[in-house]
Amino acid sequence: MFTQIACLLLYVQVSLGAATSGSLLSSPTTVSPSTHSSSTASITISVPTSTATPNPGGASFPPVGSITRNFSPTGLDQLWNVVGPVESPPFTTTVEPQTPVILPSPPPTLYPSFYANRPKDILSDYKYPKGFIFGLDTAAYQVEGATKEEGKGPSMWDWASRQPGAIADNSTADIADLQYYLYKEDVARVAALGVKAHSFSISWARILPFGTADSPVNQQGIDHYADLIQYHLKSGVEPIATLFHWDTPLALQAYYGGFTSGQIVDDFVHYAKTVFAAYNGTVKTWFTFNEPRVFCGQVASYPFNITYAPGVNTSTAPYQCSYNLIHAHAGAVKAFREMNIVGEIAFKSDDFVGTPWRKNTTDDAAAVERHGAFQIGVFADPIYTTGDWPTILKDTLPPEYLPRFTEEEKREILGSADFFAIDAYRSQYISAPDEGLDACLSNGPSDPEWPQCNTIREFDSNAMWAVGASADVGAPWLQDTSRFFRDAMKEIHRRWPTQKIYVTEFGFAQPFENERTELYRIKEDTDRTNYLMSYLGEMLLSIHEDHIPIMGAFIWSMVDNAEWGQGLSTRFGVQYVNYTTLERTYKRSALALSEFFEAHLQ
Ligand code: BGC
C-alpha cells in the first residue's frame with residue numbers, strides 16, 4: 001500500500017516524464033510482472049509564500065490573467081521573476097570548433113560473429129532507399145541552455161524545473177549542453193560520423209519573448225537560428241526544424257493559460273509565419289508539434305495543473321489542449337501552403353497501437369483499438385484520415401471534455417500534413433483493464449483507467465517474459481521492443497496510410513549510465529547499441545519485405561540532455577556530455593551508427 005506521500009511522489013515523478021507522462025490523455029496504466037517498486041527518494045512539500053496560486057505539490061504561479069501585457073524590458077523582467085534566478089552560462093559567444101573532427105579508432109567487436117554481426121554486416125544484402133535520411137534529434141529546452149541569453153523570454157519549462165519535486169534530480173536546463181553556443185561543435189562532430197540531418201526545435205520564446213502576435217520579434221533569436229541553419233548547410237547536415245517541442249512561452253500561460261485557451265491558435269500561427277518567412281528555402285522539412293499527445297498530457301500534470309484558462313480543470317485540460325493545438329497545427333500548415341514555403345510539413349506522432357495481450361480475448365482486442373485511438377488516432381485520425389476525432393474518443397468523452405469540430409473545421413484539419421512522422425520508441429502488449437472493459441466504461445470518471453480503459457503489459461501473458469530488455473530506471477516506460485517494430489509499422493501504415501513515413505525519434509537510456517564515473521565504462525553503451533542495431537535492421541526488413549515507405553530514421557539523441565522531469569541524470573545521448581566541462585565524447589552507439597549507415601546508405 002502506498003502512503004499518501006508515496007502516491008504523490010510517484011505522481012510527481014511520473015508526471016513530467018517524456019514519452020508516457022501520467023495523465024488522462026497520455027498514458028494508460030502500465031503493469032509490470034513484479035509489484036510496483038516503491039520509491040526510496042524523498043520529497044519536500046514546501047508551503048508557497050508568494051501570493052501566486054499554490055497547489056498541493058508546492059508549485060506556485062501567478063493567477064492566470066493577473067500579469068498584463070507589457071512588452072518592455074520591465075515586462076520581460078516581470079516574467080523572468082516568475083521563474084526566479086537563472087544560472088548564467090560559463091561563456092556567451094559561439095565557439096568555433098576544431099575541424100576536421102577526427103573520429104576515435106573503432107571499438108573492438110562487441111560479440112563473436114557466431115553470436116552477432118558487426119554493424120556493417122547486418123543484413124548486408126539490404127540498403128536503405130536512395131534519399132533516405134539518417135538523422136539525430138535534439139530539442140531546444142533539452143540542449144540549448146543559455147536560457148536567459150540574447151533576449152529570450154522564459155518558457156514554462158524554465159518555470160516548471162524550479163517547482164518543488166518537479167525534477168527527479170533537481171537539475172535545471174539553464175546550461176544543459178549549452179548547444180546554443182556549442183552548436184558548431186555538435187554539428188561538426190555528427191558530420192564526421194556521416195550523419196545526414198539534425199532534427200532540432202526552435203524556441204518560441206527566443207523568437208517572440210512575449211509569445212503573442214502583437215509582441216516584438218527578438219532579432220537576436222532570429223539571427224541565431226539563421227546562423228545555426230547556415231552552419232548545418234555548410235557542414236552537409238540537413239537542418240530539420242520543429243516549431244514546438246513543449247516549451248510554451250511563459251507569457252502565454254500567464255496571460256491566458258497557454259494551450260488550455262483558444263487564444264493560443266492565432267499566436268502560434270503568427271509565430272509559425274514569422275519562422276517560415278525567416279528560414280524559407282533553407283529548412284526543407286518542418287514539424288509543427290512534437291508529440292502533441294504527450295504535451296497535452298503534461299499540461300494536465302504537476303506543476304502545470306495550476307496554470308489553466310478559466311473553466312478548464314485537470315480532467316478537461318488534456319482535451320482542451322488537444323483541440324486548441326490541432327487548430328494551431330492546421331492554421332500553421334495553411335499558412336505554410338499559402339506562403340508557398342518550400343518543402344514539406346507534418347507533426348510528430350508518438351507511441352504505438354499495440355498487440356492484444358491474450359489471444360482470442362475480445363476485450364483485449366478492443367483494448368488495442370482504444371490504445372491506438374487514444375495514443376495516435378487522437379491527432380492522426382483528424383489530420384490524415386477523417387478530419388474528426390476517433391469514434392472511440394467521441395463515444396467516451398462528452399463535448400465538455402472533448403470539444404467537437406464543425407464541418408468547416410474538419411475540412412481545414414484533414415490533409416494538414418504532407419507525410420507521417422512517428423516517434424516509435426517501443427511497442428507493447430495491451431489488455432483490457434483488470435476490472436474489465438465494460439466495467440471501466442460504465443464506471444466513467446470514477447474509474448482510474450477511464451477514459452482510455454486499457455492497460456499496457458510489459459510481459460507476455462503465458463510465461464511472463466518481458467517484452468524486451470529494460471532501459472534505465474529513469475525511463476521506466478522503455479524496453480527494447482525492436483522485434484515488434486515491423487508489426488507496429490504495418491499497423492500505423494494500415495490505419496493512417498501515407499506516401500512517406502519518417503521514424504522521427506527512437507532511442508534508449510542505457511541502464512545505470514549516470515551512475516558510472518569512468519569514461520571507458522560510460523562509452524560502452526552496449527544496450528543502447530543493441531537496441532539501435534536491432535531496430536535499424538528491423539527497419540530494413542520493414543522497408544524491403546513489408547514495403548513500408550520509411551524514408552528517414554532519427555535517433556534520440558545527438559547528445560545527453562535534460563530529460564524533462566528526470567533531469568540531467570537520465571541519459572539518452574549517443575554522445576556523453578560532461579555537464580561540468582561540457583565536453584562531448586562519442587559512445588560506442590555513435591560509432592556503430594556511423595559504421596551501419598556507411599554500409600547501408602546509397
Ligand atoms: C521526446 C523527447 C524525450 C524522449 C525520451 C520523446 O518522447 O520527444 O523530448 O526526451 O522522448 O524520453
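Quantities reported herein were computed from a predicted structural model and do not represent experimental measurements. Order of appearance sets the numbers: ligands from 1, and atoms from 1 within every ligand.
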Show your reasoning for whether side chain to side chain donor-acceptor pair (under 3.5 Å) applies to T314 and N305. CA-CA 6 Å; T314 322; N305 54 354; 5.1 Å; no

Given the rule in the side-chain contact (heavy atoms from CB on, under 4.5 Å) test, do I555 and L593 qualify, once you have shown the distances and angles that lead to the verdict? CA-CA 10 Å; I555 291 106; L593 286 171; 3.9 Å; yes

Which is it for F244 and F295 under the ring pair (Phe, Tyr, Trp, His ring centres under 6.0 Å) test, yes or no, and what are the steps along the way? CA-CA 10 Å; F244 182 83; F295 171 69; 4.9 Å; yes

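By the side chain to side chain contact (heavy atoms under 4.5 Å, CB included) test, Q479 pairs with Q428, E458, V467, S470, T481, sequence neighbours left out.
One option in E291, Q142, H245, E563 has a heavy atom closer to atom 7 (O) of ligand 1 than any other, and that option is E291.
Contacts of N290 with ligand 1, taken as heavy-atom pairs under 4.0 Å, involve the side chain alone. At a 4.0 Å heavy-atom cut-off, ligand 1 touches W477 through the side chain alone. Proximity of E505 to ligand 1, defined as any heavy-atom pair under 4.0 Å, is confined to the side chain (atoms from C-beta onward).
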